[in-house]
Amino acid sequence: MRVIQLARNPQSYTCRSYLILGEWNQLDAVNTLIDPGTDEYVLDEIEKIYTGCGKVAVEQVLLTHNHFDHAASAPLLRQRYGARVYGWVDGPGVDSLLKEGQLLKAGDDYLEVIHTPGHSSDSVAFYCQSHKLLFSGDTQLRIRTIGGKYTRDYVQTLIKLAQREIDLIYPGHDEPFNHDVRNIMLTTLQNVRQSEVI
């Protein structure tokens, strides 16, 4: 599995988009885009990348949630590449609904769907067990201080994610990080539990 972080439009508020390819662009690898963002900028970025001889550049789009800054350009991917769009709930351009525990081939590996309510009720993360990596969308996994209000759903999300072996996180807006991931997540869970849970 190769993960390519695509450049973002500096003129727009948009998320980070990740293109997943097979290690050697194999014919049976499923070229996958996580969170296409707000506009056509991501399509131009994809066109600059070699995605495999005779392969469709993007075969499927996976949405971490349906907020505009993550999902607005999904219909453009369907139009240009015929990509199938997956989301937790129905929305513009969504073809198929995701389910907890579902495995989806992405590149030459598999991603597990994990429902992660907290940021929004339709938030999901995508976990690759063999590479110990997580695409977390807007689920906040680095909370450094006590205070604020958090939902019980969010606490359950943190507990669920803390039970996974994760060495690398690809967030929806921040830079990916792979340093001290487990301690960061456990500290976040502890800080949230010591804050107001509603």
Side-chain angles (χ1 to χ4, degrees), residues 1-22 25 29-52 55-98 104 106-107 111 113-114 116-128 133-144 148 154 157 168-179 181 184 188:
M1 173 188 281
R2 286 188 296 139
V3 179
I4 301 169
Q5 181 178 310
L6 301 176
R8 295 185 288 181
N9 185 347
Q11 308 300 318
S12 303
Y13 178 73
T14 190
C15 68
R16 292 196 181 276
S17 299
Y18 302 101
L19 182 63
I20 301 173
L21 305 174
N25 292 329
V30 180
N31 294 347
T32 301
L33 182 66
I34 294 183
D35 287 347
T38 58
D39 54 34
E40 294 182 17
Y41 195 89
V42 71
L43 283 87
D44 296 334
E45 289 301 302
I46 292 166
E47 293 299 324
K48 299 175 187 174
I49 298 167
Y50 177 70
T51 56
K55 290 183 62 61
V56 176
V58 178
E59 296 174 61
Q60 65 184 0
V61 174
L62 308 182
L63 303 177
T64 60
H65 58 301
N66 279 15
H67 285 175
F68 176 82
D69 58 321
H70 290 255
S73 64
L76 299 176
L77 274 292
R78 287 178 68 210
Q79 183 178 8
R80 181 170 295 186
Y81 301 116
R84 187 161 194 82
V85 180
Y86 292 82
W88 186 258
V89 295
D90 199 13
V94 172
D95 298 301
S96 296
L97 298 183
L98 298 165
L104 294 164
L111 296 176
V113 178
I114 304 173
T116 55
H119 172 72
S120 64
S121 61
D122 69 322
S123 288
V124 296
F126 299 103
Y127 174 64
C128 180
L133 62 83
L134 181 79
F135 298 92
S136 60
D138 282 356
T139 299
Q140 181 56 256
L141 299 177
R142 285 190 285 193
I143 295 175
R144 297 177 173 92
Y154 178 54
T157 286
L168 173 60
I169 293 178
Y170 291 98
H173 291 275
D174 298 328
E175 285 292 334
F177 62 98
N178 62 358
H179 177 71
V181 171
I184 288 171
T188 294

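As the structure is a computational prediction, the values presented were derived from the model and not from experiment.
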*By salt bridge (charged side-chain N to carboxylate O under 4.0 Å, His left out) - contacts of R80 (at least two apart)*: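 Once residues adjacent in sequence are excluded, the partners of R80 under the salt bridge (charged side-chain N to carboxylate O under 4.0 Å, His left out) criterion are E47.
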Is a donor on one side and an acceptor on the other found under 3.5 Å between the side chain of [X] and the backbone of [Y]?
{"X": "Y41", "Y": "Q11", "value": "no"}
{"X": "T188", "Y": "I184", "value": "yes"}
{"X": "N31", "Y": "V56", "value": "yes"}
{"X": "D39", "Y": "S12", "value": "no"}
{"X": "S73", "Y": "G37", "value": "yes"}
{"X": "T14", "Y": "T38", "value": "yes"}

_Heavy-atom closest contact (V94 atom, S96 atom, distance)_ = CG1-O, 3.5 Å
_Minimum heavy-atom separation for L6 and I46, please, with both atom names._
CD1-CG1, 3.8 Å
*Residue that, paired with Y170, satisfies ring-ring contact (aromatic ring centres under 6.0 Å, His included) out of F177, Y127, F135*: F135
*Going by the angle between their ring planes, with limits at 30° and 60°, are H70 and H173 parallel, tilted or perpendicular?*
perpendicular
*Taking atom types as modelled, find out whether D138 and H65 have a side-chain donor-acceptor pair closer than 3.5 angstrom.*
yes
*With a 3.5 Å cut-off and no angle check, do the side chains of T64 and D35 form a donor-acceptor pair?*
yes
*Inspect the surroundings of CD in E40 and state if more than 12 heavy atoms from other residues, nucleotides or ligands are less than 6.0 Å away.*
no
